[in-house]
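Working notes, structure below.
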Amino acid sequence: MTPLIYAGLDSFDRLSFLNKDKGPVIEAVSEVTGISFDQIRRKSRLRELVTARSLICHHLRKYTKLTLQQIGDLIGGRNHA
């Protein structure tokens with residue numbers, strides 16, 4: 001597991017992360033980057049927001065069974081297929 005995502009999660013979140021839940025991934029990236037999920041979902045192309053979106057997309061694809069279309073819908077209706 002990537003230390004960036006695993007850092008700062010309590011034991012319950014670690015369990016749900018290992019069970020392929022998307023919530024802890026989003027919360028951890030928001031906490032590490034200091035950007036709220038509402039800001040990440042906006043259509044802005046600021047570098048900080050794009051980086052946070054990329055982290056979320058990468059880790060959701062790697063650690064969950066979500067499709068690229070589901071991930072795109074989750075982060076603001078973008079098409080990542």
Side-chain angles (χ1 to χ4, degrees):
M1 175 170 304
T2 305
L4 171 71
I5 296 302
Y6 202 62
L9 298 178
D10 61 12
S11 60
F12 178 74
D13 285 337
R14 288 181 188 150
L15 261 178
S16 60
F17 186 87
L18 294 174
N19 290 329
K20 311 295 188 215
D21 186 22
K22 65 184 176 242
V25 173
I26 295 169
E27 291 171 8
V29 171
S30 293
E31 185 176 325
V32 169
T33 59
I35 301 171
S36 71
F37 186 58
D38 290 334
Q39 290 176 319
I40 291 171
R41 292 188 63 164
R42 292 183 185 159
K43 296 198 182 275
S44 175
R45 292 186 182 178
L46 291 174
R47 180 177 299 179
E48 295 82 16
L49 300 179
V50 171
T51 302
R53 272 186 223 121
S54 297
L55 284 171
I56 289 174
C57 290
H58 171 74
H59 291 292
L60 285 178
R61 186 67 180 145
K62 186 172 182 178
Y63 295 113
T64 67
K65 295 184 179 184
L66 294 175
T67 64
L68 291 175
Q69 183 65 44
Q70 291 170 329
I71 293 170
D73 291 341
L74 178 70
I75 61 166
R78 289 171 172 77
N79 183 5
H80 284 273

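R53 places no side-chain N or O within donor-acceptor distance of the main-chain N or O of I75, the cut-off being under 3.5 Å.
Contacts of R61 classified as side-chain contact (heavy atoms from CB on, under 4.5 Å), with partners at least two apart in sequence or in another chain: L68, I71. Among residues two or more places apart in sequence or in another chain, the side-chain contact (heavy atoms from CB on, under 4.5 Å) test is passed with T33 by V29, I35, A52, L55. With sequence neighbours excluded, the residues that form a side-chain contact (heavy atoms from CB on, under 4.5 Å) with S36 are D38, Q39.
Taken from CG in L66 to CG in L74, the straight-line distance is 7.0 Å, to the nearest 0.5 Å. Here CD of E27 is found 10.5 Å from CD1 of I56. Values are rounded to the nearest 0.5 Å. In this structure, CD on E48 lies 11.5 Å from CD1 on I40, to the nearest 0.5 angstrom.
Minimum heavy-atom separation, R78 to R42: NH2-O, 2.5 Å.
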- Go through R47 and V50 one step at a time and tell me if the side-chain contact (heavy atoms from CB on, under 4.5 Å) criterion holds. CA-CA 5 Å; R47 180 177 299 179; V50 171; 5.8 Å; no

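Grouping the Ile, Leu, Val, Met, Phe, Trp and Tyr side chains by contacts below 4.5 angstrom, directly or via other members, places L46 with F37.
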